[in-house]
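Chain naming here is simple, since letters A, B, ... match the order of the sequence lines and numbering starts at 1 in each.
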Amino acid sequence: MRLDSIGDWRRTHHSVDVKPEMDGEEVTLFGWVQEVRDLGGIRFIILQDREGTIQITVPRKRIGNEVLSKSDVLQKRYSIGVEGIVKKTDMTPRGVEVIPKEIKIFSTATPRLPIDITGKTLANLDVRLDARALDLCQEEKIAVFKIQHTAVDAIRNFLFEKGFIEVHTPRIIASATEGGAALFPVEYFERKAFLAQSPQLYKEELVMSFEKVFEVGPFFRAEESHTGLHLSEFVSIDIEQAFSTAEDVMQLLERLIQHVCKVVNRKCKKELATLKHSIEVPEVPFKRLRYEDVLQDLKREGVEIPWGEDISTPAFRTLGEIHPYFYFIVDWPTDLKAFYIKPHDDNPELCEGFDLMWGWIELVSGGTRIASKELLTKRLKEQDLNPESFKSHLQAFDYGMPPHAGWAIGLGRLTMMLTGKKNIREVTLYPRDKFRLTP
RNA sequence: GCCCUGGUAGUAUAGUCCGGUCUAGUAUAGGCGGCUGUCGCCCGCCCGACCCGGGUUCAAGUCCCGGCCAGGGCGCCA
């Protein structure tokens, strides 16, 4: 087939911007054929772009031969351009259609697509991920990532407003001994290096200069996880703030979550409708449950967890039934949290770490950090880590480390909350797990 | 990594328990033809599949063993 070049054609409108009151106007539209419904004497072509769809109507007897023969060959997913006249009509749901004067075909598509893009026969996640580029063309998938985009935009704006500076810490790191999570090794010239699992140590060091920093970026964990919440590569939104405590950054966090819910509700009405999902804007402050309270709540539900033990996934599910929306868990046993979380001054058994839960899912974890080199070294040893491996990080504590606190949001999990998706793979463009490395 | 469940046309499924008219059914997609107001268009015809390897049996999509893959759950996740 002879393909057309774009030439001097430029888009005048997206599909959704063509309105009935434009009756008689000429428009140039670009997009993809979503569906062709041919009734014999009249043919309907549904043109899709990233904003939505519009009907191109081809009445056989009242249209030029060239347009007709172009429209004869159109199939699903062909990339096309249409120059035509807007017509107000009460025969389409949107009250408008376009009668083409000229059609350009930019590229064709395979006739038998690997997934049904009209949504009549829903393909399984695995099949869809194998054909992700095509899968993402569907309105529902676009809606998920538009919501994610809106959320990240809202978060950035909120943090900028509060005086945070956006930073970029290394993805390639030298030491494999930062803690428990398994790291991916990489070849680094003649040396062995690793992909970063978190910006934790760097962002702490950066509060000494920038005071309030945040970072949005991918991190890597080589865990054996096989769940709907974990990926080997995930996007984390990290903040760290000088001269603050856990309570300060918790207040920041709950307002941020509320803000994101409001903004997404306001800006993504169409996308939420597409996903048949609604977001309830939470009241602040969020509930603050102590670890102790959580054990009591669980005990009442018949789930016994001895003090000092971590809360298992099934226990979190039970907890999520009692507290279905947002809540903090605070006052964790010090030994259950990372070495850099500050123990309470008056009761070192408990620490100033917190988790922000959404039902049974941990959305955010954070806390007051240890600012004393001496205490940090002690905590490293208590967690069977070698202070020698943290030498360059510990050195920063000789230069005036302020009291500080911070947290990290899992962007995927936040997007699950905002879109109602049950598997983190659904809200990740190209998910990576132990079994999937392509596409 | 462990446990459970599953793997049938491009996609989604029925059939497997209890082996034999399964020459494998249906929907959707795709091909051809028809149709002037569809919007999950409709109508007719056509195309297309039992994950791989081994075993049991007269006979295996169906039962057994191994492998691979997927989904769910658990664990892991400073």
Side-chain angles (χ1 to χ4, degrees), chain A residues 34-47 53-63 75-77 87 89-95 97 99 109-131 134-135 173 175-183 196-201 204 219-232 234 236 310 312-317 334-341 351 353 355 362 365 367 369-370 376 379-380 382-386 389-390 393 408 410 413 422-423 425 433-436:
Chain A
Q34 187 184 59
E35 199 159 13
V36 179
R37 282 190 285 272
D38 191 338
L39 276 65
I42 192 166
R43 173 181 292 149
F44 305 104
I45 297 151
I46 310 304
L47 178 77
T53 59
I54 183 152
Q55 176 168 296
I56 311 298
T57 304
V58 184
R60 190 175 283 276
K61 284 180 183 157
R62 291 183 280 121
I63 206 110
Q75 293 191 18
K76 286 193 178 80
R77 289 306 302 167
K87 194 180 149 202
T89 173
D90 52 11
M91 285 183 281
T92 67
R94 289 226 338 265
E97 64 188 354
I99 312 298
T110 185
R112 195 176 277 197
L113 298 167
I115 56 176
D116 172 17
I117 56 163
T118 63
K120 289 176 206 163
T121 309
L122 296 175
N124 292 325
L125 178 60
D126 190 50
V127 173
R128 289 192 283 111
L129 290 177
D130 281 340
L134 178 63
D135 183 44
I173 58 171
S175 174
T177 55
E178 281 186 22
L183 300 188
Q197 64 183 152
S198 145
Q200 184 62 34
L201 307 185
E204 285 193 57
F219 291 97
F220 310 89
R221 293 184 187 178
E223 300 298 340
E224 298 283 359
S225 302
H226 181 211
T227 79
L229 291 176
H230 296 83
L231 292 173
S232 321
F234 64 98
S236 176
D310 214 343
S312 66
T313 306
F316 270 129
R317 285 180 196 274
T334 303
D335 287 342
L336 287 182
K337 287 292 173 187
F339 67 87
Y340 50 78
I341 297 289
C351 70
D355 286 340
E362 180 195 322
S365 67
R369 323 301 193 184
I370 293 171
L376 191 59
R379 288 292 301 138
L380 279 166
E382 282 170 6
Q383 300 224 349
D384 287 328
L385 294 164
N386 182 3
S389 309
F390 294 83
H393 179 59
R413 294 180 186 187
K422 300 281 191 287
N423 190 318
R425 289 160 186 79
D433 60 37
K434 196 187 174 188
F435 305 101
R436 180 175 288 281

Within the structure, does a side-chain N or O atom of [X] lie under 4.0 Å from either OP1 or OP2 of [N]?
X        : N     : result
A:Arg317 : B:G73 : yes
A:Arg425 : B:G71 : no
A:Asn124 : B:U11 : no
A:Lys120 : B:C41 : yes
A:Arg112 : B:G10 : no

Name the nucleic acid region contacted by A:Lys61, choosing base, sugar-phosphate or nothing; use a 4.0 angstrom heavy-atom cut-off, strictly under.
-> base
Hey, does A:Arg94 reach any base, or is it just sugar-phosphate, or nothing, if we go heavy atoms under 4.0 Å?
-> nothing
Using the closest heavy atom to pick a nucleotide of RNA chain B for each, name whichever of A:Glu35 or A:Ile42 lands nearer the 5' end.
-> A:Ile42
Could a donor-acceptor pair under 3.5 angstrom be found where the side chain of [X] meets the base of [N]?
X        : N     : answer
A:Thr118 : B:A29 : no
A:Ser225 : B:C76 : yes
A:Glu97  : B:G37 : yes

Partner of B:C68 by Watson-Crick or G-U wobble geometry, both contacts under 3.5 Å, or none?
-> B:G7
Nucleotide of B:G31, B:U36, B:A70 approaching A:Asp126 most closely (side-chain heavy atoms) = B:A70
